[in-house]
Amino acid sequence: MPFKFPNKHSAVLISLLSLGVVSQAATNEPIQPIKAPAQINTGQAELGKKLYFDPRLSKSGYISCNSCHNLSMGGTDNITSSIGDHWQQGPINAPTVLNASMNLAQFWDGRAEDLKDQAGGPIANPKEMASNHTLAIEVLKSIPQYVVEFKQVFNSDQITIDQVTTAIAEFEKTLVTPGSRFDQWLEGDKTALNDTELSGYELFKSSGCTACHNGPAVGGTMYQKVGVIKPYQTNNPALGRFDVTGNEADKNVFKVPTLRNIELTYPYFHDGAIKTLSEAVNTMGEIQLGKTFNATENTQLVAFLKTLTGEQPQITLPILPPSNDNTPQPQPFK
C-alpha cells in the first residue's frame with residue numbers, strides 16, 4: 001500500500017505552498033504556521049512506519065518506538081519517564097516525536113544531530129529496548145517480507161542499521177501537526193481565536209516567552225538554561241548539555257521544547273515533575289522570567305497554549321510481516 005500523509009492538511013499544504021497561496025499574514029509574528037513536510041521518500045516512510053511500530057526491534061519483543069512516543073497520545077507516553085526493558089525507569093521525560101524534524105537536534109541534551117542519528121539509540125540502550133544493532137538486523141533479515149521491502153526501497157541485497165534509521169527518520173518527518181486554530185489565525189482567519197486566547201498570546205509575547213519559544217514549532221531551535229532567574233529544584237540527575245560537552249557553562253542547559261500540542265504532552269519539563277499546564281506556566285514565569293502570573297493571566301496563557309494543538313497524524317496501523325522459524329526469539333523474561 002502506498003504511503004499516505006498522516007493528516008489531510010499535509011498534501012493540501014504542499015500544493016498551496018508550491019503555488020504561493022498560503023497567506024503571508026503571519027510574517028511579522030515570532031511564530032509561523034507549520035508547513036507540510038517536503039520531499040518525503042514515500043517508500044522509505046512506509047517502511048519506516050512498520051519499523052516504528054515493530055516491537056521485535058527490542059530484546060523483549062514488546063517495546064517499539066511507539067511505546068514511548070505514542071502517536072495516539074501526542075507523540076509521547078504521558079508518564080514522568082518512560083518504562084524500558086524489564087520495567088526499568090527511563091532517565092528523563094520522553095519528548096514528543098510530533099514536529100521533531102523541526103528541532104535543531106534530538107534528545108533533551110541534543111546529543112543526536114538529527115532524527116536518523118536519534119533512531120538507533122533506543123534500540124541498543126539497555127534501559128530502553130535493550131537489544132543491539134546486530135541482533136535487530138538479524139531479526140529483520142530473517143523475515144522474507146522485510147528482505148523484499150528493503151530491497152525495493154534501498155535497491156540493495158543487504159539490510160543495515162543505517163537503512164533502518166534512515167527509514168524510521170523518514171517516517172518521523174511526516175509527523176507534523178498543521179491546521180491548529182492558532183495557525184488558522186496566523187493565516188488570516190481572525191475568528192479562529194477568542195478574546196481570552198488572543199490576550200494570552202499578547203501576554204506570551206510581552207512577557208518574553210517568544211525569546212525561546214518561536215518559529216513554526218514554537219521552540220526546538222535553541223538551548224537554554226532551566227532556571228535563568230531562579231534555580232529549578234529537581235531530583236532528576238540529568239544536567240543537559242553538560243552531559244554531552246562537559247563544559248561547566250552547560251550545566252542545566254537543555255533544548256527548548258516545542259510548545260506545539262502542549263496540552264497533549266504532559267507531564268512537563270525534562271524531569272516530568274510538572275503535571276499540569278497551569279502549573280507549568282506559573283513555574284516557567286517564576287524561574288525563567290521572574291514573573292508571577294495572576295489567575296487571570298494564567299488562564300489566558302493556558303488558553304493560548306491550547307490553540308497550538310494541530311491536527312494529529314491519522315495513522316493506519318501497519319500489518320507487520322510475521323516472524324518465522326529462523327527469527328531470533330524475543331527474551332521478555334530473562
Can you tell whether the side chains of [X] and [Y] come within less than 4.0 Å, N to carboxylate O?
X      : Y      : answer
Asp117 : Arg111 : no
Glu197 : Arg181 : yes
Asp114 : Lys116 : no
Lys205 : Glu202 : yes

Please check: side-chain N/O of [X] versus main-chain N/O of [Y], any donor-acceptor pairing under 3.5 Å?
X      : Y      : result
Thr210 : Asn214 : no
Gln89  : Trp87  : no
Arg260 : Pro216 : yes

For this session: Would you please say whether a donor-acceptor pair under 3.5 Å links the side chains of Asn99 and Thr258?
Result: no

Problem set entry | Arg56 vs Pro321 side-chain heavy atoms within contact, under 4.5 Å | yes

For this session: Could you check if a side-chain atom of Phe154 sits within less than 4.5 angstrom of a side-chain atom of Gln44, using non-hydrogen atoms only?
Result: yes

Exercise. How are the rings of Phe182 and Trp185 set relative to one another: parallel (under 30°), tilted (30 to 60°) or perpendicular (over 60°)?
Worked result: parallel

Problem set entry | Sole residue of Thr283, Asn252, Asp271 in side chain to side chain donor-acceptor pair (under 3.5 Å) with Tyr232 | Asp271

For this session: Quickly, which of Asn261, Asp183, Thr309 forms a side chain to side chain donor-acceptor pair (under 3.5 Å) with Thr177? Name it, please.
Result: Asn261

Problem set entry | Minimum heavy-atom distance Pro91-Asn236, with the two atoms named | O-ND2, 2.9 Å

Exercise. Roughly how far, to the nearest 0.5 Å, is CG of Leu301 from OG of Ser199?
Worked result: 10.0 Å

